[in-house]
Amino acid sequence: MNIILIGSGGREHALAVKIKESKLVDKLYILPGNAGTASVGINVDISSDNFKKIANFAVAKQVKMIVVGTEIPLANGFHDYFFENKKYKHIKIIGPKKDGAKIESSKDFAKKFMLKYNIPTAKYITVSEINKEEGKKFMHSLNQPYVLKADGLAAGKGVLIIDDINDAEKALDEMLDGKFGKASNKVIIEEFLSGNELSVFVLTDGKNYKILPEAKDYKRIGEADTGLNTGGMGAVSPVPFANKEFLKKVENQIIIPTINGLNNEKIDYKGFIFFGLISVNNKPFVIEYNVRAGDPETEVIIPRIESDIVELFLGVSNGTLNEKQIKISPKTAVTVMLVSAGYPEAYSKGKIIKNINKITDSIVFHAGTKYIGNEIITNGGRVIAITSLGNSIEEALKKSYKNAEIIDFEGKNYRNDIGFDLNNKY
Ligand code: AMP
Ligand code: GLY
């Protein structure tokens, strides 16, 4: 079977490697891919928003499955485009249609959904220009800090957490005035939850689900979780505080009600659901849903999945996920992200990356990289994820940190404390 994978980050490099391992795969095309995916499959420079061009390419190359790594095409109806056209209907799309993608593309929709199906989440109110005063009143009923979220997709930047009530009121005004464009026409004001965050992923065919390994992501740029939010500076899987009992609560109180809720809403959801969770006194709450796998979580989850992922994807699209097995390695995986100087603010690209070929005991997943001739250069804020497996967090981290020193490019930056909070010994 020929497969297309859409995306260009570390997540897609990890997915590409795993897809290519499958005995069911002939050719793998990555649109547009990066320097890492170029050695796994064939990179093709087609933009993910050009559905027609992707469809023509898929037909020409006899592609039978498209795996969508990122949320924007899904929110814009990528799956619907293929599903609604007779010529393309035979192509299996891994990723929900527009109605299912709404659990990520509208936080207001997601919150209403959670409320309706009794899924634990922070108390909230949705505010637009007409009920702004009601929103401010609600804000005054909460303790600080105040959480404000743009309703729509805002490239991971649409959440503000503000200590001072006057600043929070001002931020609400600015958001409703278009701080995040249309995405903040509606704003969710939420109670702040204090606890440990983690990410849990499932694959679902709409009725059945398989739970993938959980992971913890390190979002802030600075050590000890300080400074600006990033796409993620590292990750660890499994997560020690997410014991069996806690994960059972996640399944019973969150995963099952979500799948049942989607069914009840007549949403035929096929793909990944990412549950961004927080554990408050050992009780799981949903912070957000995403309709794709996480990045850098995928870089620690994929190496722990021992089953054929294309078999699982077939189960997703054929509605037979209950017939498939998923085998997970008990090993610990960690990943450390090397980023460009300045990231997550302005950074420069085009720096030559050296010594990737010297790494033997870690897996190097490329994020923002590309080839110029024979040279691999930086092409994004997050550049390389160095994943290692071990019998403990400590053992895995030692390898990733040794290799983080070896791989080099001008302005290289990384966090030196990934996993430390989970591992007292290190
Ligand atoms: P989101 O884009 O919804 O995942 O939010 C980004 C980050 O903001 C999350 O990963 C949390 O660290 C934080 N956050 C969001 N909502 C809340 C909340 N209600 N309480 C505490 N932290 C939150
Ligand atoms: N690492 C968080 C995300 O992928 O949204």
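As the structure lists them, so they are numbered: ligands from 1, and atoms in each ligand from 1. Count residues from 1 along the sequence.
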Would you say Glu288 and ligand 2 have an N/O pair spaced under 3.5 Å apart?
no
Based purely on interatomic distance, does Lys219 place a nitrogen or oxygen under 3.5 Å from a nitrogen or oxygen of ligand 2?
no
Going by atom types only, do [X] and [Y] share a side-chain donor-acceptor pair under 3.5 Å?
X	Y	answer
Asn43	Thr37	yes
Asn34	Asn379	no
Ser47	Asp49	yes
Asn208	Asp205	yes
Asp99	Tyr269	no
Arg220	Thr230	no

For atom 5 (O) of ligand 2, what's the nearest protein heavy atom and its distance?
Arg292 NH2, 3.0 Å
Atom 2 (C) of ligand 2 - nearest protein heavy atom and its distance
Asp217 OD2, 3.4 Å
Strictly under 4.0 Å, does any heavy atom of Ala235 approach an atom of ligand 2?
no
If the contact criterion is a heavy-atom separation under 4.0 Å, does Gly232 count as touching ligand 2?
no
Which is it for Arg11 and ligand 2 at heavy atoms under 4.0 Å: side chain, backbone, both or neither?
neither
Ignoring hydrogens, what is the shortest heavy-atom contact between Val25 and Ile19? Give both atom names and the distance.
CG2-O, 3.3 Å
Just which atoms of ligand 2 are under 4.0 Å from any heavy atom in [X]?
X	answer
Gly294	4 (O)
Asn290	5 (O)
Glu297	1 (N), 2 (C), 4 (O)

Salt bridge or not for [X] and [Y], using N-O below 4.0 Å?
X	Y	result
Glu251	Lys248	yes
Lys270	Asp268	yes
Arg11	Glu297	no

Carefully, step by step, assess Glu197 and Tyr218 under the rule side chain to side chain donor-acceptor pair (under 3.5 Å).
CA-CA 9 Å; Glu197 283 185 58; Tyr218 292 78; over 6 Å; no
Measure and list all N/O to N/O distances between ligand 1 and the protein that fall under 3.5 angstrom.
{"unit_1": "ligand 1", "atom_1": "3 (O)", "unit_2": "Lys107", "atom_2": "NZ", "d": "3.2"}
{"unit_1": "ligand 1", "atom_1": "3 (O)", "unit_2": "Lys149", "atom_2": "NZ", "d": "3.3"}
{"unit_1": "ligand 1", "atom_1": "4 (O)", "unit_2": "Glu288", "atom_2": "OE1", "d": "3.3"}
{"unit_1": "ligand 1", "atom_1": "4 (O)", "unit_2": "Glu288", "atom_2": "OE2", "d": "2.9"}
{"unit_1": "ligand 1", "atom_1": "10 (O)", "unit_2": "Glu197", "atom_2": "OE1", "d": "2.8"}
{"unit_1": "ligand 1", "atom_1": "10 (O)", "unit_2": "Lys219", "atom_2": "NZ", "d": "3.2"}
{"unit_1": "ligand 1", "atom_1": "12 (O)", "unit_2": "Glu197", "atom_2": "OE1", "d": "3.3"}
{"unit_1": "ligand 1", "atom_1": "12 (O)", "unit_2": "Glu197", "atom_2": "OE2", "d": "2.4"}
{"unit_1": "ligand 1", "atom_1": "16 (N)", "unit_2": "Lys149", "atom_2": "NZ", "d": "3.0"}
{"unit_1": "ligand 1", "atom_1": "19 (N)", "unit_2": "Glu190", "atom_2": "OE1", "d": "2.6"}
{"unit_1": "ligand 1", "atom_1": "19 (N)", "unit_2": "Glu191", "atom_2": "O", "d": "3.0"}
{"unit_1": "ligand 1", "atom_1": "20 (N)", "unit_2": "Leu193", "atom_2": "N", "d": "2.8"}

